[in-house]
Amino acid sequence: MVDFHEIERKWQEEWRKSRIFEAEPDERPKFFITIPYPYLNGNLHAGHTRTLTIGDAVARYMRMNGYNVLFPMGYHVTGTPIIGLAERIAKKDPETIRVYTEYHDVPLEELLKLDTPEKIVEYFSREATKALKSIGYSIDWRRTFTTMDEPYQKFIEWQYWKLKEKGLVVKGSHPVRYCPNDENPVEDHDLMKGENATIVDFTVIKLYSFEENLVVFPCATLRPETVFGVTNLWVNPEKDYVVAEVNGEKWVVSKEAAEKLVHQEKEVKIIKEVKGKDVVGNLVVNPVLVAMLAEELLEFASGDLKKLFEELCKIKDRKERIAKVVENIEFIVKELILLFKEVKNSTLRMVVVPILPASFVDTDNATGVVMSVPAHAPYDYVALEELKKSSEFKELASIEPIVLIKVEEYAVPAKEISEELGIKSQNERELLDKATKIVYRKEFHKGVLLDNTLYPGMHVSKVKDVLQRDLIELGIGDIFYEFSEKPVVCRCGAKCVVKIVRDQWFLNYSNPEWKKKVFELLDRMRIIPDYYKEEFRNKVEWLKDKACARRKGLGTRIPWDKEWLIESLSDSTIYMCYYILAKYINAGKLKAENIKPELLDYVFLGKGKAEDVAEKSNLSKEIVEEIRREFEYWYPVDLRSSGKDLVANHLLFFLFHHVAIFPPELWPKAIAVNGYVSLEGKKMSKSKGPLLTMKRAVSEFGADVTRMYILHAAEYDSDADWRRKDVENLVAHLNRFYALMEEYYTKDVEGCFLDRWLISRMQKAIKETRKAMENLQTRRAVNSAFFEVMNDVKWYLRRGGKNPQIIFDDWLKLLAPFIPHICEEIWHKKHNSFVSVESYPEYDESKVDQVAEVAEEYIKSLMDDIKEVLKFVDAKVVYIAPAEEWKKEVAKVALEAKNFKEAMKELMKDEKLRSMGKEVSNFVKKVLKEKELVDLDERKVIEENIEFLEKELGVKVVVDESKVPEEKRKSSMPGKPAVYAE
RNA sequence: GCGGGGGUUGCCGAGCCAGGAAAAGGCGCAGGGCUUAAGACCCUGUCCCGGAGGGGUCCGCGGGUUCAAAUCCCGCCCCCCGCACCA
């Protein structure tokens, strides 16, 4: 057993001393690779290890291919989790202590000291650096930083001023999860219950009643289009409601809703408390339908009301007509209700509807007042049917459903589906939910709005946003934010609510101009694997404005509004260019006070004159110019390699901000995405465990083992599984590799006929490995560079080869990006240079010896054939007869064709051959793959290897046509001699 | 629901875009070798049948195209991931 740890430490130290990974601009082509900096609320783990190791392998590969490679690393610390962690450690939260001692491997006494964010950052950045060094990444350590560094904050400020100037940071408000008890927004980890709850926006539609003055019944719905089919309202008769003044209007809502509204930018003054049943029986007017049905209503109106309706009828635009109704709402409501009491005809019944009791109404959901649309909502239909049977509400409930959506299969969907499922009562919740789902699905995807709506012909899937906006514009709509799941409970035990945060700063990602540029960038950049390009396009499409300001957390303040901190994903978008500054900052050549906007304008955007900038920032002209030159040399980013979890957020912002700040020639060139790492099949979790830290993996198995395992465990976005057993297996593999190298590497070459074969095989491995690396397929690369070559070497030795070392130099170089320490150690047994900066092996066609390869294949397949025969015959001698000459001639003819397809096409014209398509294809494929086969002197090859065959097979082997019976000889083919055993 | 990715022989997992070998590789299992022995290592086998290198069946399900389908086309079923302001 070799002590890999010692080797690893040794070469890490040598690399450091020789500074081979410190990147300075020079005349070589450059390659700038970046990995998203890790967030330091814990130790680096196997997930980081995967992304970083892929990055390092690529960095090393490109370096060996003659590129000047810059591979830097920083640390992300802004945001709230570190603060939360510090608080929990200070409180000695037992779960936190368990996870951090057990999984993050922080010694208890150390952990307890980490009671402030600063100490946490200090500790974990030190640990991270140790871990990254111990695994041997080729990072330029002079460029590291954390996002709380003062110069970094200057850089972020500059960036936000730029965005502001371009109008890309705008003000707005948005809903957040909020704890009324703590008076604070609630983070995920501060939740006791309801982690999966999302915030949904109910459309509130106002229907109006009248007593003394106007009373608003704000109905909450997720389907605003159903306002055209309202037949009544529902309230829960047993629950508490309030009459309250809400932003100057008199509203009736549930007691819970009144409390929630306070957080949603509403001024709420409670006038009185009532029970649901107190408002049952009230009549309300649906202003939307009043407008829609103005012509018919005109017939029944008289006096001023008639005049008003005459005016309404003149307005052809339905939306304008609604506006007119709203303008006169109080008068209309009052009059229509009076009219309704006298004339109960079907038209009036549609615009003046009763409030009815329903037990299914949840007063803790939105306003607690809902519209009833029996044609399209099974709950409504069933509840109404029930009421029709009760004596008390028979009269009021005798209502016909109003259909407003056309779907293929149903006339009155809610009715038909409820009947199909045999639902009798509104208490059959499970069935009703099922029915609702069916109706919703059908209508949402295939439903089209009918003529009795504002948008006839529009698809239901499109209408929600449009209508919500219209209703709000008209003053009869509103939004009520509610959780999708309940309850949502804060750690403090209080129920969370949705709160609207006002005057928040937003990144205006919905800006079409901005998006257009991102699409341009996507078109020209490489995304690996390629199907993620489509994914990215969809996400760009979907991205809306993002709140980029916070009240709480670590970070940089918004420079023009210091109340706010810049949100932590929003300060991590173009920081790759900061690595250029970081080198000067760490060297003491650049200080926070030097970093003026003018300097950054000059360095990053080429604006201004060096002299002016130098004076302004109190630096020498030379250094200003040097930084600018260095930036120009390294930028743009050539590859950003990342875990797939960052696709829908960070990587997207990375693209958006680059196109916003930089000219097209500085836009990133490529993004690569990789999958997660699980632990013995279990998902890892930073905050709950299980977790394997990078440090532990390396100290237990070694850097090279860890690297190679993780590179080989999975490809692209598929997930890798860390299995101890497999890792231990790999340790054994690498030990064997090392032993093999030690045995042969420095030995003299004796010369052996098989050498050409081994060298030829090596060329294939080089070609394969290079191809895999160009596509960032590390699994494939490791497979061909290590396992396949290893198998060839084994075969070579088994065949009696004496000089495997003839390929060892190439082999070491081939493997250096993956297992650099072991390669370096062995390499130095013969060389004084670093293999890490040697040239990567080139595929050399002239070294490919197809004849030698075909001959080996021939021997292998002959062995298989003989073994197959020996399975059935207990023989002492095997006679072999190569195919007759004329058969070779036929094969040659087949070979005239350019390729397999051509050959097959030609041959398949023959009726007879067609019936044997499979056999023919097999043969042609074989011959084409190994063209040399037809020219192979089979007799000679066998005779040269007779000793080997006899040893392997344990029988005597003789090439003698005369001993092979005629019927056996018939079946021989070039490459497949007849065999006879006796 | 929308969007993206999948379903391969005991398991993991290549192959699919560019149709052509029961289908790479690994794990597991079985036999043999090496060993005092175990482990490691090296061979061999691992869908079914077969006393001659052969035959049969096979890649989620059902159709189709073709001399030939895991691969192409159509329909269906199932699984994973994202849907946000959180890193």
Side-chain angles (χ1 to χ4, degrees), chain A residues 36 38-41 76 78-82 174-176 185 187-189 198-199 437 440-441 444-445 461 504 506-507 509 529-532 534-539 541-550 567-570 572 644-650 652-653 675-676 681 686 712-719 721 723 725-726 729-730 732 735-736 779-780 783 787-788 791 794 797-798 861-862 864-875 900-901 904-905 907-911 913-926 952 968 971 976-981:
Chain A
Y39 186 76
L40 290 184
N41 62 340
H76 191 204
T78 40
T80 50
I82 287 178
H174 88 293
V176 296
E187 311 284 332
D188 262 350
H189 60 253
T198 56
I199 295 172
K437 221 174 167 180
Y440 181 74
R441 202 177 288 176
F444 186 80
H445 295 291
S461 56
Q504 169 91 305
F506 281 81
L507 287 161
Y509 290 142
D530 54 12
Y531 50 78
Y532 265 80
E534 191 57 28
E535 176 88 344
F536 270 107
R537 284 207 188 97
N538 294 335
K539 299 291 184 209
E541 189 80 43
W542 150 91
L543 192 66
K544 294 188 196 147
D545 286 2
K546 176 187 158 64
C548 64
R550 287 299 112 90
E567 183 271 332
S568 71
L569 286 174
S570 309
S572 305
K644 63 183 174 186
D645 50 327
L646 299 185
V647 170
N649 42 71
H650 164 72
L652 224 45
F653 308 152
Y676 307 125
K686 254 185 180 181
H712 187 249
E715 201 88 286
Y716 286 153
D717 64 328
S718 57
D719 298 338
D721 192 23
R723 271 178 249 150
K725 220 178 157 188
D726 291 355
N729 235 308
L730 185 64
N735 270 302
R736 261 171 273 147
R779 178 194 171 97
R780 195 180 275 254
N783 209 42
F787 293 101
E788 280 174 22
N791 280 339
K794 276 191 206 162
L797 292 172
R798 182 175 164 194
S861 89
L862 178 60
D864 284 347
D865 260 5
I866 296 176
K867 266 183 208 156
E868 179 73 23
V869 171
L870 290 177
K871 251 162 65 179
F872 301 97
V873 187
D874 188 19
F900 178 78
K901 212 166 185 162
M904 281 307 284
K905 235 183 198 166
L907 291 166
M908 283 303 114
K909 283 179 184 162
D910 185 307
E911 194 67 37
L913 287 177
R914 229 163 66 186
S915 64
M916 310 194 298
K918 208 170 176 182
E919 286 80 3
V920 176
S921 91
N922 289 348
F923 178 66
V924 174
K925 201 180 174 191
K926 189 170 175 178
E952 291 280 330
K968 297 270 178 232
S971 65
K976 192 171 167 65
V979 170
Y980 181 69

With a 4.0 Å cutoff (strictly under), does any side-chain N or O of [X] reach OP1 or OP2 of [N]?
{"X": "A:Arg723", "N": "B:G28", "answer": "no"}
{"X": "A:Arg736", "N": "B:C41", "answer": "yes"}
{"X": "A:Lys794", "N": "B:C42", "answer": "yes"}
{"X": "A:Arg798", "N": "B:C41", "answer": "no"}
{"X": "A:Arg550", "N": "B:C86", "answer": "yes"}
{"X": "A:Lys725", "N": "B:G28", "answer": "yes"}

Any strand counts, and the cut-off is 3.5 Å on both contacts for Watson-Crick or G-U wobble. Which nucleotide pairs with [N]?
{"N": "B:G62", "result": "B:C74"}
{"N": "B:G10", "result": "B:C27"}
{"N": "B:C83", "result": "B:G1"}
{"N": "B:G50", "result": "none"}
{"N": "B:U35", "result": "none"}
{"N": "B:C67", "result": "B:G20"}

When rounded to the nearest 0.5 Å, the distance separating OH of A:Tyr532 from NZ of A:Lys539 is 9.5 Å
- prompt: With sugar-phosphate meaning primed atoms plus P, OP1 and OP2, does A:Pro977 contact a base, only sugar-phosphate, or nothing at under 4.0 Å between heavy atoms?
  reply: base
note: A:Asn538, atom CG; B:C83, atom P; distance rounded to Å ~ 15 Å
Stepwise salt bridge (charged side-chain N to carboxylate O under 4.0 Å, His left out) check, A:Arg798 with A:Glu952: CA-CA 10 Å; A:Arg798 182 175 164 194; A:Glu952 291 280 330; 2.7 Å; yes
